[in-house]
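Quick notes on the structure that follows.
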Amino acid sequence: MEKLHVFNTLTRSKERFVPLQEGFVGMYVCGPTVYGDAHLGHAKSYVSFDIIVRYLRYLGFKVRYVQNITDVGHLTDDADDGEDKLQKQSIAERKEPMEIAEHYTYTYFRDMDALNVLRPDISPRATGHIPEQIAMIEQLLEKGHAYPADGNVYFDVTSDPDYGKLSGRKLDEAESGTRVNTAGDKRNPADFALWKKADSSHLMQWPSPWGPGYPGWHIECSAMSSKYLGRTFDIHGGGLENQFPHHECEIAQSECAHGQDFVKYWLHNNMVTLNGQKMGKSLGNAISLQQFFTGNHPLLTRSWSPAVIRFFLLQSHYRSTTDFSEQALEAAESGLKNLTSILDTLMKSPDTGKGAHFDTHALQAELEAQMNDDFNTARALAVLFDRLKPLRTAVTSGQIPVNMAEVKDLLSRFTVDVLGLQQTENIPADGTEKLDAALQLIIELRAQARKERDWPTADLIRDRLAAAGIRIEDGPAGSTYKID
RNA sequence: GGCGACAUGGCCGAGUGGCUAGGCAGAGGUCUGCAAAACCUCGUACGGCGGUUCGAAUCCGCCUGUCGCCUCCA
């Protein structure tokens with residue numbers, strides 16, 4: 001595709017992406033609730049939207065990327081018998097709720113940094129926007145879309161004829177569902193809480209016109225997105241499981257409060273599964289990213305680097321489920337190692353040579369065509385493998401394209417800036433030159449030994465270096481080394 | 001029960017009405033003192049049953065299976 005198209009959940013179709021304001025994109029993605037370590041599912045979601053932000057910027061859009069931090073614990077349901085997860089965790093760890101939130105906010109960003117996920121431009125905290133949320137609830141009350149009930153405030157879904165437009169759910173259908181409980185003071189089972197009354201045992205609470213309490217789950221995203229991106233903005237993203245009720249409720253609140261469209265494009269990433277089951281915190285089958293990075297989990301036989309996790313995720317489409325297995329990770333690791341090696345060779349080659357001109361425009365068009373088709377990273381990677389292998393063959397045989405500088409520039413922009421892959425091998429930065437000098441000497445001595453057909457010495461050098469993690473590779477133009 | 005997805009070769013995983021996805025693993029070969037790397041060649045896959053079509057893995061219907069949402073959740 002020549003122009004960017006995205007799959008919009010709202011219309012269930014791929015649409016040409018045209019921002020509301022030319023050249024600018026406002027994007028909001030639902031962030032984590034910070035009461036536990038981020039797991040592979042978070043990685044799938046945030047790597048996916050990271051790619052989307054990076055690609056939009058590559059295309060020249062000025063993007064403002066907002067991703068909330070939910071540091072208010074929400075109940076497990078809208079009835080009054082649920083647990084507050086942050087509160088539960090704070091009791092378990094014997095810490096203040098804000099200590100819990102602070103700690104897991106820190107680990108969240110630490111793990112995302114490791115995955116090379118760029119930080120959002122704004123990471124608003126729900127607790128830092130209580131007044132904005134209260135103001136929005138008041139607006140909804142004024143317009144007759146909400147009603148107070150014994151210190152609680154509920155959104156009246158029957159007041160919104162559009163309710164259900166995102167998820168395709170109709171109110172009477174939801175009512176017949178077996179799992180909808182009616183809270184005592186709700187008018188309609190589908191009504192959802194905007195504000196919840198807190199009793200004295202509830203640790204996180206704020207004063208409000210309706211008495212002490214805390215905000216409902218959905219209102220924070222409506223309040224914070226409109227504050228930083230305006231009442232109507234371009235992209236709202238999040239995990240597929242949040243489509244209903246969370247995003248549906250966000251739309252209802254925002255559109256009823258503001259009287260205008262909320263979001264132009266809704267993008268949803270699919271789930272990570274483990275043995276075919278969704279990976280989730282509350283399901284107890286989540287493997288945290290730290291556990292992947294350290295290998296410290298019963299289901300893991302070894303550690304896996306963040307770069308491998310990222311590459312593994314990029315090999316499937318963000319709207320497809322990604323089934324996790326160590327076998328799949330292993331394949332991804334080998335594939336990444338290969339691609340990295342190719343890129344490394346190309347990026348280290350001279351800026352120009354005697355080889356034929358390389359058609360960078362064709363390659364760029366091919367890569368963009370894939371990314372323009374709803375961010376098809378899997379195909380973009382296939383293009384890289386396809387086109388770069390022959391190029392490496394040319395380069396290693398001395399046929400460096402005359403416009404190699406141009407090639408390197410494109411590769412850097414696409415693989416480093418857009419895909420977020422590391423283009424060079426993991427050579428320790430410190431003392432690299434001295435190490436290189438030493439290795440060059442060793443290689444020279446080994447070359448001498450080989451010349452004298454002293455195979456035992458040559459092989460001893462190679463084996464001992466290999467044992468130290470340095471691979472010697474003999475080629476027609478001499479030997480090179482790679483550090484694993 | 002309601003709504004919605006998906007089912008691809010040993011594994012992962014794209015995709016289009018007819019033409020090679022790609023990665024990983026595997027087999028054979030070239031090169032090499034050996035090894036590694038690289039390069040060349042190789043699998044003719046699309047859940048089942050019907051239908052539309054000159055032609056379908058790709059469109060339609062039915063069936064089977066798996067999963068997601070309907071409760072906190074990326």
Side-chain angles (χ1 to χ4, degrees), chain A residues 9 12 29-33 35-36 38-49 70 73-79 82-85 88 164 167-170 172-181 190 217 237-246 248 268-273 276-283 286 311-312 315-317 319-325 327-336 338-339 341 345 370 373 376-386 389-390 392-393 396-397 450 453-455 458-459 462-463 466 471-476 479-480 482:
Chain A
T9 310
R12 291 167 197 289
V29 172
C30 285
T33 304
Y35 70 95
H39 55 73
L40 191 57
H42 293 94
K44 164 117 181 159
S45 188
Y46 300 120
V47 166
S48 298
F49 288 105
T70 298
H74 293 293
L75 302 186
T76 50
D77 57 44
D78 279 333
E83 287 180 291
D84 176 324
K85 300 207 156 176
K88 191 181 167 196
S167 58
R169 226 167 273 259
K170 296 187 177 59
D172 37 340
E173 282 169 359
E175 264 181 273
S176 66
T178 55
R179 301 173 75 184
V180 175
N181 299 319
W217 173 36
L240 194 59
E241 84 283 1
N242 277 332
Q243 190 181 328
F244 187 90
H246 185 51
E248 194 69 73
H268 288 99
N269 65 277
N270 216 132
M271 306 289 94
V272 172
T273 58
Q277 289 271 314
K278 176 183 143 183
M279 191 179 278
K281 269 190 274 201
S282 46
L283 297 173
F311 186 79
F312 168 64
Q315 276 189 308
S316 65
H317 189 89
R319 280 193 297 110
S320 301
T321 55
T322 301
D323 193 44
F324 156 78
S325 69
Q327 201 185 0
L329 274 185
E330 212 165 309
E333 183 173 60
S334 301
L336 174 62
N338 249 296
L339 183 59
S341 163
T345 302
Q370 303 310 153
D373 186 7
N376 197 330
T377 52
R379 270 195 95 97
L381 287 173
V383 169
L384 286 176
F385 275 105
D386 260 356
K389 275 187 175 180
R392 170 179 59 185
T393 304
T396 48
S397 67
R450 292 180 72 204
R453 307 184 70 80
D454 179 4
W455 309 127
D459 291 350
R462 188 172 66 198
D463 294 346
R471 266 198 336 274
I472 297 288
E473 291 175 1
D474 300 330
S479 303
T480 56
K482 283 203 170 118

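To find a chain, count down the sequence lines: A is the first, B the second, and so on, and within it residues start at 1.
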Please determine if a side-chain N or O atom of [X] lies less than 4.0 Å away from the OP1 or OP2 oxygen of [N].
X: A:N242; N: B:C69; result: no
X: A:K389; N: B:G22; result: no
X: A:K482; N: B:A37; result: no
X: A:N338; N: B:A38; result: yes

How about A:N270 and A:T321: does a side-chain donor come under 3.5 Å of a side-chain acceptor?
-> no

Work out how far the [atom1] atom of [N] is from that of [M], and round it to whole angstrom.
N: B:C40; M: B:A45; atom1: C1'; value: 24 Å
N: B:A37; M: B:G26; atom1: P; value: 10 Å
N: B:C24; M: B:C63; atom1: C1'; value: 34 Å
N: B:C39; M: B:A5; atom1: C1'; value: 42 Å
N: B:G18; M: B:C60; atom1: P; value: 15 Å
N: B:A35; M: B:A56; atom1: P; value: 49 Å
N: B:G48; M: B:C54; atom1: C1'; value: 25 Å

Starting at atom [atom1] of [X], determine the distance to atom [atom2] of [N], rounded to an integer number of angstrom.
X: A:E248; N: B:G4; atom1: CD; atom2: C1'; answer: 13 Å
X: A:D474; N: B:A35; atom1: CG; atom2: C1'; answer: 8 Å
X: A:D463; N: B:A36; atom1: CG; atom2: C1'; answer: 11 Å
X: A:E241; N: B:C67; atom1: CD; atom2: P; answer: 17 Å
X: A:L336; N: B:G23; atom1: CG; atom2: P; answer: 14 Å
X: A:N269; N: B:A5; atom1: CG; atom2: P; answer: 17 Å
X: A:N270; N: B:U66; atom1: CG; atom2: C1'; answer: 13 Å
X: A:H268; N: B:C67; atom1: NE2; atom2: P; answer: 22 Å

Run the numbers on A:S316 and A:T322 for side chain to side chain donor-acceptor pair (under 3.5 Å), then give the verdict.
-> CA-CA 7 Å; A:S316 65; A:T322 301; 2.9 Å; yes

With heavy atoms under 4.0 Å as the rule, sort [X] into base, sugar-phosphate or nothing.
X: A:L329; value: nothing
X: A:G41; value: base
X: A:V272; value: base
X: A:K281; value: sugar-phosphate
X: A:F49; value: nothing
X: A:S167; value: sugar-phosphate
X: A:D459; value: base

Close side-chain approach of [X] to [Y], heavy-atom, < 4.5 Å:
X: A:E241; Y: A:K278; result: yes
X: A:L283; Y: A:Q277; result: no
X: A:D373; Y: A:R379; result: no

Nearest 0.5 Å, what's the [atom1]-[atom2] distance between [X] and [Y]?
X: A:R450; Y: A:D474; atom1: CZ; atom2: CG; result: 4.0 Å
X: A:S479; Y: A:R471; atom1: OG; atom2: CZ; result: 13.5 Å
X: A:H268; Y: A:S48; atom1: NE2; atom2: OG; result: 12.5 Å
X: A:N242; Y: A:N269; atom1: CG; atom2: CG; result: 9.0 Å

Can A:K482 and A:S341 be said to form a side chain to side chain contact (heavy atoms under 4.5 Å, CB included), step by step?
-> CA-CA 9 Å; A:K482 283 203 170 118; A:S341 163; 3.4 Å; yes

Nearest-nucleotide wise, let me know which of A:Q277 and A:R450 is further upstream toward the 5' end of RNA chain B.
-> A:R450

Of A:A332 and A:A458, whose nearest nucleotide on RNA chain B comes first from the 5' end?
-> A:A332

Among [options], the one nearest [X] by side-chain distance:
X: A:M271; options: B:G33, B:A74, B:G4; answer: B:A74
X: A:R169; options: B:A74, B:C67, B:C69; answer: B:C69
X: A:R12; options: B:G4, B:G33, B:A74; answer: B:G4
X: A:F244; options: B:G33, B:C69, B:C24; answer: B:C69

Near-parallel close stack of A:F385 and B:G23 base (under 5.5 Å, under 30°) = no

The contact string for nucleotides 9-19 of chain B, one letter per nucleotide 5' to 3', using protein heavy atoms under 4.0 Å with B, S and - for base, sugar-phosphate only and none, comes out as --SSSBS----

Base-contact (B) and sugar-phosphate-only (S) positions in nucleotides 40-47 of chain B, heavy-atom cut-off under 4.0 Å, - elsewhere | --------

Test side chain to side chain contact (heavy atoms under 4.5 Å, CB included) on A:Q243 and A:R169 and set out the steps.
-> CA-CA 11 Å; A:Q243 190 181 328; A:R169 226 167 273 259; over 6 Å; no

Quick one: stems involving RNA chain B, counted as three or more successive Watson-Crick or G-U pairs, both distances short of 3.5 Å.
-> B:1-7 with B:64-70, B:10-12 with B:22-24, B:26-30 with B:38-42, B:47-51 with B:59-63

Checking only heavy atoms, does the side chain of A:R319 share a donor-acceptor pair with the base of B:C6 at less than 3.5 Å?
-> no

Please state whether the base of B:A37 and the side chain of A:R471 form at least one donor-acceptor pair under 3.5 Å?
-> no

